[in-house]
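Inspection log for the structure reproduced underneath, given as structure tokens.
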Amino acid sequence: MYTNSVASLARGLRQKEFSSVELSRCFLDRIAAFNKLYNAYITVDEQSTMGAAEAADARLIGGTA
């Protein structure tokens with residue numbers, strides 16, 4: 001997923017090809033895998049990220065997104 005454009009990822013979310021939780025997990029896992037090498041992030045708040053992803057999925061399911 002990380003090689004896709006933002007437009008492609010947005011389309012995938014709308015078409016329910018994957019969830020916000022799955023997308024967020026993909027990027028969090030990538031950060032975890034490479035941040036020690038690149039030191040690109042000072043802080044990664046995984047709990048807030050996953051909470052926001054769950055809320056986004058709930059809005060998509062409810063049709064309010």
- Task: Before giving the answer on salt bridge (Lys or Arg N to Asp or Glu O under 4.0 Å), spell out for R59 and E54 the whole-Å C-alpha distance, their side-chain angles and the decisive distance to 0.1 Å.
- Result: CA-CA 9 Å; R59 287 191 305 273; E54 290 170 4; over 6 Å; no

- Message: Do F18 and V6 land in one hydrophobic cluster if side-chain heavy atoms of ILVMFWY residues count as linked below 4.5 Å?
- Response: no

- Task: Apply side-chain contact (heavy atoms from CB on, under 4.5 Å) to R25 and M50, showing your working.
- Result: CA-CA 8 Å; R25 175 54 44 210; M50 295 309 291; 3.9 Å; yes

- Item | Heavy-atom pair with the smallest gap, counting every atom of S19 and L13 | C-CD2, 3.6 Å

- Task: Following the transitive rule for hydrophobic clusters with a side-chain heavy-atom cut-off under 4.5 Å over Ile, Leu, Val, Met, Phe, Trp and Tyr, establish whether L28 and L9 coincide in one cluster.
- Result: no

- Task: Identify the heavy atoms of A53 and S20 that sit nearest to each other, and give their distance.
- Result: O-CB, 3.4 Å

- First locate atom CZ of F34, then atom OH of Y41, and finally report the distance between them rounded to the nearest 0.5 Å. 12.0 Å

- Just by modelled atom types, is the A40 backbone N or O under 3.5 Å from a matching donor or acceptor in the N35 side chain? yes

- Is there a donor-acceptor pair under 3.5 Å between the side chain of T49 and the backbone N or O of D45? yes

- Message: Return the SG to CD1 distance between C26 and I31, rounded to the nearest 0.5 Å.
- Response: 10.0 Å

- Treating Ile, Leu, Val, Met, Phe, Trp and Tyr as nodes and any side-chain heavy-atom pair under 4.5 angstrom as an edge, say whether V44 and V21 lie in one connected cluster. yes

- Task: Count the heavy atoms of every other residue, nucleotide or ligand shown that sit under 6.0 Å from CD of Q15, and state whether that count exceeds 12.
- Result: yes

